[in-house]
Amino acid sequence: MKKLIACVCLLVFGVSIHAAAQNSRWSLMGKLQDSQSEALRSATVTLLSTADSTLLAFGISDAKGAFEIRNISEESCLVQVTFMGMETFYSLVERPENSLSLDLGIIQMKEKTADLDEFTIQDIAPITIKNDSLEYHADAFKTQPNANVEELLKRLPGVEVDQEGNIKAQGETVNRILVDGKEFFGTDPKLATKNLLAEAIEKVQILDRRSEQSQFTGIDDGQREKTINLKLKEDFKKGFFGNFTGGYGEDQRYKLQGNLNRFSEKQQLSFLGLSNNINEQGFSIADYLNFQGGVQSMGAAGGQVRVTVGGLGGGSAGIPINSGQRMNGIMDSHAYGANVNQDFSKNTQLRSSYFFNQLNHQISQDIDRLNFFPSGNFTFEERSIQDNASSNHRLNLIVDHRIDSLNSFRSTTNAQITQSDRFGRSETANRDLDGNLLNRGERTNLTKGDSYQANTEMLLRHRFNKPGQTISANLTFGFNASDFDGLLSATNEFFGESPSIEVIEQENRQQNQAINYGANVSYTSPLGGRKYLELVYNFRQNRSEVDRAVYDRDGENLIFNQALSNRFNAVYTYHRPGANVSYNAGKYNLVAGLALQATTLNGELLLFDETVSNNFQNLLPSLRMNYSMSNTKNLMFNYQTSVNEPNIEQLQPVINNADPLNIYVGNPTLRPAYNHRWQVNYNSFDMGKFINIFANGFANFTENAIVNAQSIDERQVRTITPVNVRNNMLFGGTFNLGFPIPSLNSRFNLGPNINYSNGYNQINELEDRIQINNLGGNLRYDFTWNEFVNLGLSSNISRQSTAYTFNPQQNQLFFNQNYNVDLGLTFLEKYAFAANFNYLKFNSRTTDFNEAIPLLNISLSRFILKNNMGEIKLSGNNLLDQNIGVSQRADVNFIEQSVTNNLGRIIMLSFTYKLNSRLNPLNSLGRPGSAGPVRIMRM
């Protein structure tokens, strides 16, 4: 392994030295001014080849209008300067004879009045700045034939795409991608980046999208969402375009995937589909959570339950570490969808999408856990198999209608239907540190059922004649229902002084139904002096009913078990009046708010003839500041408070025994947790040097934190109950620095991070303080040589330690490491080679756990047919045949390692066919935006 990494490093070093050892390079500089001798900031300076006008290099002018392009190797080149509203400037320059730099002096740009009379050229400014947006000209960043948008984004300065396809632009996460300004399959960016062709894109626009409320009122509320808009080439707005892939490999492994698109100015049609048994997903993590049953799976009738214990501020205090983003188990995926956007007029638009996915997932898993308790430590072992199947239909519908210049209407509707069938079988054992059995059990769970969900919102908005004075009302309605049947069969054997055997045979059925409705009214008015007032009132009511019946099987008879059954109804009512005052002063804005939240809970436990009633009142202050130092520098501060109120499942004292050795019981005396969150973000991107800096710091402070306390009895049966504990605290930060080394065609990204938490939990009724430290970071190096070579080296390392007050000897420490090498080569014009090597290493100083997984993927492609329409690819995934996945995590009183089955080696031959209207010869004759190098014609 070390030899392989050393060879790769030598390869990078050798290529870099070769690039640096080329002919002595020179620099070009100058200063840009307008006709009034004012400096032109953020103008694009491009160097083009005199032979065929292809792009050589580019730069951006600074605040004083100065620019400098270094490391030029050509003897002569054409300089092109572009600026919005100005005529494009051209000049032919040659290498200086007795100097390594050439100063063009002051260049005065002229306002655009007429076409140039000396040159006719298709401008190709790689990057331009327009107000608050950043534009990349896609043709200036070469990708391989048939590449998708994700590959294009990887080549853009200031944009990062990780192994899972998550996108960061200028250091901020991108959660939304638009196509020609319109939604594409809702808010899942990957459906656009993984399915649209890179060559269909004319421009990639990076936007700081303001909130819907801010866009309507015209009042900047400081809220921003980093958004990418993909502007299509005109050629791709006429006719259909897309691609289709089919592949087959050993052991009957296959892959089918395709998409078809037709876009015009008023209509967007997109269709996509996939089917494979090689663990590839074409949808978001939200869909996968729906498949697993989401956070509600704990209440599924008879379903297998895993309760994550404890947590600082509620939930899990540990930081789960996965095995290099691999999907564990064996999965068959089938999905298809359609996206339809229609502009009926300038006042009425429709945005709609339908998506279906079906998953079949088989998992076998071994878990080894070391538990720490004040009374002594013990080990836990679990060997389990799961066979889960699910299908999901999802519909989204948005209608926007502008009634007139002052009134508008917006309707948003989404609906889901999910059918699931889950099977789980496990064998567990608890042992003392000498290896003696304390208990062991065998368990089988079956769960089958359907769930339904529908939500709709109606937003009515009115703008008064006075600027900044508006009123809006948002009405909401939601419906959720589910119906599950379950079976639990378990045998538990207990050892020690009083050995015994417990057999459980149960059937159960659970029906849930929930209805929620509410209204939010907002009124804004100017106060003068760039100050604005917003008055807000929010009302919401949630009504839920649960009917869970559990029956013990006695031969052919079923006996109702009231202790485990439950019938209840609950009504949550929220009233939240509030006010916000904002101040906008050009470069910065400030928003301060205060709200009063009053919550009432009334519930009935019908089987126990008991009621649950609680009233909570809380003041919720907030403060948000946004300071835009420039188009590429921003500082943001945010302070918010919130209330985490216990839900009805946490409040009801009903036993859930889906895992008889790990029982969950609610707590009717719970109080709401009150959260304070501070956050500071700094973001800077130097357009001239392509250096990006992003820093984030946060702190969370929780009063009356809700955590899952645990106790263990003499039979080693664990009971988990939510309780309130003292204040918990969590703080941390991340830093990211990215910078290029143009002389080596290289770019570095460095990102350290740190998290620290200090909180309390209850173990066997003893309150214990727990401190968790996580220190880590990532480092990435990228080398690019034109479109021929792309090399990426990256590492991600995490160190986590956990310290306990009740017994410092049980403190935990483990490391997770991930090293990755990506290599892409294009050669002989028609061939492409790609390789990926991933090395995962897991080490625990507490349990002496030490596991390493090397993963190697290689592919060779041959492009065929006219315009590289076809691609034949031979690929080998997981060539080292590593058919397991490994992970480890620590929580409040244990450290755990798990080993899961995975796909082994896959050799596959596939064919991809690319369809688009640009293959018509008449469409490629001089049409603006067509592919290929830029040509200059002398007149």
Show the numbers, then the answer: is there a side chain to side chain donor-acceptor pair (under 3.5 Å) between Arg718 and Asn662?
CA-CA 5 Å; Arg718 186 170 58 174; Asn662 294 278; 2.8 Å; yes

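- Judged purely by atom type and a 3.5 angstrom limit, Gln888 has no side-chain atom pairing as donor or acceptor with the backbone of Ile895.
- Of the options Asn774, Asn753, Asn755, a side chain to side chain donor-acceptor pair (under 3.5 Å) to Ser798 is made by Asn774 and by none of the others.
- Ring orientation note: the planes of Phe739 and Phe748 are close to parallel, at an angle under 30° on the 30°/60° scale.
- Here the CZ atom belonging to Phe837 is positioned 10.5 Å from the CD1 atom belonging to Ile858, to the nearest 0.5 angstrom.
- In this structure, Phe911 has no ring-ring contact (aromatic ring centres under 6.0 Å, His included) partners at least two apart in sequence or on a different chain.
- Asn838 places no side-chain N or O within 3.5 Å of a backbone atom of Asn818 that could act as its donor or acceptor partner.
- The OG atom of Ser859 lies 12.0 Å from the CG atom of Leu909; values are rounded to the nearest 0.5 Å.
- Applying the salt bridge (charged side-chain N to carboxylate O under 4.0 Å, His left out) rule to pairs touching residues 772-785 yields Arg780-Asp782, sequence neighbours excluded.
- The two residues Asn878 and Leu903 have their closest heavy-atom pair at ND2-O, 2.9 Å.
- Ser746 approaches Phe783 most closely through the heavy-atom pair OG-CD1, 3.7 Å.
- Applying the side chain to side chain donor-acceptor pair (under 3.5 Å) test to Asn259 and every residue at least two apart in sequence or in another chain returns Asn243, Asn261.
- Separating the CG atom in Asn902 from the CD1 atom in Ile363 is a distance of 10.5 Å, to the nearest 0.5 Å.
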Would you please test Asn736 and Asn749 for side chain to side chain contact (heavy atoms under 4.5 Å, CB included) and show each step?
CA-CA 7 Å; Asn736 181 267; Asn749 275 281; 3.8 Å; yes

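- Counting only distance, with no hydrogens or angles, the side chain of Arg253 and the backbone of Asn277 share a donor-acceptor pair below 3.5 Å.
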Give the intermediate values and the outcome of side chain to side chain contact (heavy atoms under 4.5 Å, CB included) for residues Asp421 and Asp387.
CA-CA 8 Å; Asp421 190 348; Asp387 190 351; over 6 Å; no

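- Leu197 approaches Ile201 most closely through the heavy-atom pair O-CG1, 3.7 Å.
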Run the side chain to side chain contact (heavy atoms under 4.5 Å, CB included) test on Asn276 and Leu274 for me, step by step, so that the C-alpha distance in whole Å, both residues' side-chain angles and the decisive distance to 0.1 Å come before the verdict.
CA-CA 7 Å; Asn276 68 75; Leu274 67 87; 3.7 Å; yes

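- Looking only at side-chain heavy atoms (C-beta outward), Phe849 and Val886 come within less than 4.5 Å of each other.
- Residues that satisfy the ring-ring contact (aromatic ring centres under 6.0 Å, His included) test with Tyr831, not counting sequence neighbours, are Phe827.
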Carefully, step by step, assess Tyr254 and Tyr248 under the rule ring-ring contact (aromatic ring centres under 6.0 Å, His included).
CA-CA 4 Å; Tyr254 74 93; Tyr248 190 79; 7.7 Å; no

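- In plain terms, the two heavy atoms of Ala695 and Phe735 that are nearest each other are CB-CD1, 4.0 Å.
- For Thr428, there are no side chain to side chain donor-acceptor pair (under 3.5 Å) partners, not counting sequence neighbours.
- Taking CZ from Phe815 and OG from Ser801, the interatomic distance works out to 9.0 Å, rounded to the nearest 0.5 Å.
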Asn790/Lys154 under side chain to side chain contact (heavy atoms under 4.5 Å, CB included): CA gap, chis, key distance, verdict
CA-CA 11 Å; Asn790 289 281; Lys154 290 179 180 179; over 6 Å; no

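- Looking only at side-chain heavy atoms (C-beta outward), Tyr136 and Ile206 come within less than 4.5 Å of each other.
- Side-chain contact annotation: Ser420 with Asn388, donor-acceptor N/O pair under 3.5 Å absent.
- Looking at Asn877, its side chain never comes within 3.5 Å of a backbone N or O of Ile906 through a donor-acceptor pair.
- With Asn868 contributing its side chain and Lys830 its backbone, the two residues share no donor-acceptor pair below 3.5 Å.
- Between Pro854 and Gln882 there is a side-chain heavy-atom pair separated by less than 4.5 Å.
- A heavy-atom distance below 4.5 Å is not found between the side chains of Leu775 and Asn773.
- Annotation for Ile691 and Leu737: closest pair CG2-CD1, 4.0 Å, computed over non-hydrogen atoms.
- Counting all heavy atoms, side chain and backbone alike, Thr900 lies closest to Gly329 at CG2-N, 4.1 Å.
- At least one side-chain heavy atom of Phe423 sits under 4.5 Å from a side-chain heavy atom of Ile385.
- Side-chain N or O atoms of Asp881 include none that pairs as donor or acceptor with a backbone N or O of Gly904 at under 3.5 Å.
- With sequence neighbours excluded, no residue forms a ring-ring contact (aromatic ring centres under 6.0 Å, His included) with Phe863.
- More than 12 non-hydrogen atoms from other residues, nucleotides or ligands lie less than 6.0 angstrom from CD of Glu250.
- Formation of a donor-acceptor pair under 3.5 Å by the Asn148 side chain with backbone atoms of Glu150 is found in this model.
- Note: Ile177 CD1 to Ile228 CD1 = 5.0 Å, rounded to the nearest 0.5 Å.
- Checking side-chain atoms of Arg383 against main-chain N and O of Ile367 turns up a donor-acceptor pair under 3.5 Å.
- Annotation: the span from Tyr781 atom OH to Ser794 atom OG amounts to 13.5 Å, rounded to 0.5 Å.
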